[in-house]
Amino acid sequence: MSTKRTAVSEQEALLFHAQGRPGKLEIVATKPMATQRDLSLAYSPGVAIPVKAIAEDPTTAYDYTTKGNLVAVITNGTAILGLGNLGALASKPVMEGKSVLFKRFADVDSIDLEVGTEDVDEFINAVRFLGPSFGGINLEDIKAPECFVIESRLREIMDIPVFHDDQHGTAIIAAAGLINALHLTGKSIKDIRVVVNGAGAASIACIELIKSLGLPNENAVLCDSKGVIYKGRTEGMNQWKSAHAVETDMRSLDDAMKGADVFLGLSVKGAVTREMVATMADQPVIFAMANPDPEITPEEVAAVRDDAIMATGRSDYPNQVNNVLGFPYIFRGALDVRARTINEEMKLAAARALAELAREDVPDEVAAAYAGARPQYGPKYIIPVPFDPRLISRVPPAVAKAAMDTGVARRPIIDMKAYRDELQGRLDPSVALFQRIFDELRQTPKRVVFAEGEEEKTIRAALAFRQSGYGTPVLVGREERIRQTIEDMGLDGESGLEIHNARNSTHTTLYTDFLYARQQRRGLLYRDCQRLVNNDRNVFASCMVANGHADAMVTGITRAYAQSLQEVLRVVDPNPGSRIFGLSVVLAKGRTIYFADTAVDEQPSPEALADIARQAAQVVRRLGHEPRVAFLSYSNFGNRPRTSANGVREAIAILDEQETDFEYDGEMMADVALNRQLMSLYPFSRLTETANVLVMPSLSTALTAAKLMHELGGATVIGPLLVGMSKPVQIVPLGTAVSDLVNLSALTAFMAP
């Protein structure tokens, strides 16, 4: 990873917050507001019904309002980031940012509230009466020791979670990193000695949580700006410091660092020297978390120790202790079980879940966060990164289970697997589409051959395919190359992977004869077929599928779509009476729409358009949706009757003469096909609802529409799925991510007979 710090100029930061609509938040309605009836349901008189229901049973507020997914981010601005006491109003950009993170990472709605008082009692009284509005309270940027009093009293008064993230968020992430650091060094938490420098909110929370992990009280030394906090010290003490005072002759941080196994710094830049680090125990663990500059930099540590494990609070160094790994997911789990509080067991569960996740192979999204370098569990990677998409399905369930186990959950989760699936679907709309497919595939797993078996992406996808229980992945490639790649990636689980190629296969002659029988009258000699089977992975993989040695195949990440398709077609024919085309799945604003043809036929004839509609309807139904097909054009049912729309009209006429079991109509514009109100202008339309299959008049139109939906509309685009082949074959687009490759492989296997 680069150690170059990302520079942000003052002007750039101000423009970011000021451009367009000022700030970083807006309120978006979740129900339609298009008709008078919508208004009647949303407000008067319809709103009276849930009002009465909540008055009779207050718990139904979670069912009829946003309460169950709404967190207040509250501060008085007395400790803003590393800037100090700048007041409540100045804290608003930070609190808005916190709300944005809640939404982005855990789909938790959040509102920032800045309270203009530094008086503890006034602040508590301002917050205590907000319980009916929110499902949880996130306290932020409140200076110590007032923050301890405020959180403690609000937790006693309120029956919803109250969580001061500056304390506990840092502690949870640091604890996760410490769990893994000890795992790597082979040390036990019961035997180590820990030094914590800084005695503010985060420091106190860190030392308390680590003690909850099993650190003996006498093995922790807490220091502040005046030195070691020891029993009998009176200067600069308070009840929270006194709780961690120990019997010791040590008086300075320098004394405490001698022989220490772990240093946790939440103090100031430069508090730790190279000389101090040199005196620490073997394989020291150093978490220098002062922001924006750590107590000591990784470069300074490396100058005196080559056996240290290092973490900081900065994103330009490995192992960032970043609170965004904690608070969104902790609240997500707490809200989902309607927890009364966030207790110590829930915090520990979050820390352990984070530690376990860091030990797993990372997906493409994590590699992207590291500028293309894929981190592996070890001294440079003991803490997950914020953009790991698996966080939402790992941390909230752990928190929710701990809440249930400790009796603070008011709505226990019965089916934890279904809950994890639901969590994934909050941030990834494709999960809902694929979940039924995945479940069915696990019941009838398939053999899928991955043609580009030597590629790192393919290997990761094959391992994930197998680990998910979808079936047996078969890699095509040189075994020594694949094994070496797996070793270089530091992956486990390579045993049991099937690897095939012409050199080690007992079917090479069979495949050559099979290909020659197909190609001998198409210009190929036997030796040409032999060369193709021996050297072309797509041909070899296709032969495996064609001869029943695999159920399905996947290729495409290293070659252009058209080239891969040409190679596959040497071996596998289209279905009799069918034509091949691409069907893209577009997920946007809660809707699933299928686009065709996005891959094969540049200018389909009317007959081709009719065939595409018929075959697309079959696939869509197989995927669990009732097809409603719209043939798109620049005109609506003959309005603007130009000859270029004739092909679409002819396709409709062809289907009219056939026996069909799905709805279809056209020609129509895209907005009419997708908008119920506009469609109502054409009462003669055969579609009973808005369309979910859009048949485009050309490849250019279809592919352009799909790309625009992704880039401008923020839609998730899956595919194109290759439809019409006699054997299940999937050609993925160049650059497909590992997660998408796994999904498309599963989908192809699902389509296999």
Side-chain angles (χ1 to χ4, degrees), residues 1 3 5 170-189 191-200 202-203 205-207 209-211 213 215 219-225 227-228 250 252-323 325 351 354-355 358 375 377-385:
M1 280 192 311
T3 58
R5 191 168 185 180
T170 301
I172 289 164
I173 315 309
L178 180 60
I179 290 169
N180 280 340
L182 296 179
H183 178 261
L184 289 169
T185 58
K187 296 181 179 181
S188 168
I189 197 165
D191 301 325
I192 61 171
R193 186 162 67 82
V194 177
V195 176
V196 180
N197 193 47
S203 302
C206 278
I207 201 167
L209 194 63
I210 292 169
K211 286 180 179 179
L213 280 172
L215 180 73
N219 288 13
V221 176
L222 180 63
C223 301
D224 62 9
S225 60
V228 172
M250 295 180 287
S252 68
L253 177 61
D254 190 52
D255 293 338
M257 291 287 277
K258 292 181 174 66
D261 297 281
V262 177
F263 169 79
L264 302 180
L266 295 120
S267 51
V268 295
K269 174 185 178 181
V272 174
T273 65
R274 298 184 186 190
E275 291 73 22
M276 291 180 187
V277 171
T279 66
M280 294 181 71
D282 291 341
Q283 296 181 290
V285 177
I286 301 168
F287 286 10
M289 297 177 283
N291 267 321
D293 297 300
E295 286 82 359
I296 187 169
T297 67
E299 292 89 349
E300 291 172 311
V301 170
V304 293
R305 300 296 294 258
D306 61 4
D307 60 342
I309 295 179
M310 182 86 186
T312 71
R314 281 179 30 175
S315 61
D316 52 351
Y317 289 121
N319 299 324
Q320 183 191 18
V321 179
N322 191 330
N323 285 18
L325 292 167
L354 288 168
Y377 177 59
K380 300 292 186 183
Y381 184 69
I382 58 173
I383 302 170
V385 294

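Quick note: numbers below take in every heavy atom, side chains included, and nothing from hydrogens, waters or symmetry partners. Residues take their numbers from the sequence shown, with the count starting at 1. Remember, predicted model here, so these are calculated numbers, not experimental data.
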Practice item. Output, in order, the C-alpha distance, side-chain angles, deciding distance and verdict of side-chain contact (heavy atoms from CB on, under 4.5 Å) for Tyr317 and Met310. Key: CA-CA 9 Å; Tyr317 289 121; Met310 182 86 186; over 6 Å; no
Practice item. Sort and list the pairs that fulfil salt bridge (Lys or Arg N to Asp or Glu O under 4.0 Å) and have at least one residue in residues 263-278, not counting sequence neighbours. Key: none
Practice item. Rounded to the nearest 0.5 Å, what's the gap from CD1 on Ile207 to CG on Leu266? Could you check? Key: 11.0 Å
Exercise for review: For residues Ala220 and Lys211, report the shortest heavy-atom separation together with the two atoms involved.
Suggested key: CB-CE, 3.9 Å
Exercise for review: Give a yes or no answer on whether the side chain of Arg305 reaches the backbone of Pro284 with a donor-acceptor pair at less than 3.5 Å.
Suggested key: no
Check your understanding: Can you name the closest pair of heavy atoms from Tyr377 and His183 and give their distance?
Key -> OH-ND1, 2.8 Å
Practice item. Could you go through the side-chain contact (heavy atoms from CB on, under 4.5 Å) check for Arg314 and Asp293 one step at a time? Key: CA-CA 8 Å; Arg314 281 179 30 175; Asp293 297 300; 3.2 Å; yes
**Study point:** Distance (rounded to the nearest 0.5 Å) between Leu325 CG and Thr170 OG1
**Key:** 11.0 Å
**Study point:** Any side-chain donor near an acceptor of the partner, Asn197 and Ser203, under 3.5 Å
**Key:** no
Exercise for review: Measure across Ala175 and Leu213 and return the closest heavy-atom pair with its distance rounded to 0.1 Å.
Suggested key: CB-CD1, 3.9 Å
Review point. Just by modelled atom types, is the Lys258 backbone N or O under 3.5 Å from a matching donor or acceptor in the Arg193 side chain?
Key: yes
Review point. Say you draw a straight line from CD1 of Ile192 to CD1 of Ile210; how long is it, rounded to the nearest 0.5 Å?
Key: 7.5 Å
Point to revise | Nearest heavy atoms of Leu253 and Ala271, plus distance in Å | key: CD2-O, 3.5 Å
Review point. From Leu178 CG over to Ile173 CD1, what is the distance, rounded to the nearest 0.5 angstrom?
Key: 13.0 Å
Practice item. Please report the closest heavy-atom contact between Val277 and Ile296, naming both atoms and the distance. Key: CG2-CD1, 3.7 Å
Check your understanding: Do the side chain of Asn180 and the main chain of Ile382 share a donor and acceptor less than 3.5 angstrom apart?
Key -> yes
Practice item. Taking all non-hydrogen atoms of both residues into account, name the closest pair between Ala174 and Cys206 and its distance. Key: CB-SG, 4.2 Å
Check your understanding: Judged by atom type as modelled, is there a donor-acceptor pair below 3.5 Å linking the side chain of Glu295 to the main-chain atoms of Met289?
Key -> yes
Exercise for review: Rounded to the nearest 0.5 Å, what's the gap from CG on Asn219 to CD1 on Ile189? Could you check?
Suggested key: 10.0 Å
Point to revise | Any Ile309 side-chain heavy atom under 4.5 Å of Leu184 side chain | key: yes
**Study point:** Candidate pair Cys223 and Val195, rule side-chain contact (heavy atoms from CB on, under 4.5 Å), full reasoning
**Key:** CA-CA 7 Å; Cys223 301; Val195 176; 4.3 Å; yes
Review point. Residues in side-chain hydrogen bond (donor to acceptor under 3.5 Å, both in side chains) with Asp224, at least two apart?
Key: Arg233, Lys241
**Study point:** For Asp282, all residues meeting side-chain hydrogen bond (donor to acceptor under 3.5 Å, both in side chains), sequence neighbours excluded
**Key:** none
**Study point:** Asn319 side, atom CG; Ile286 side, atom CD1 - distance, nearest 0.5 Å
**Key:** 12.0 Å
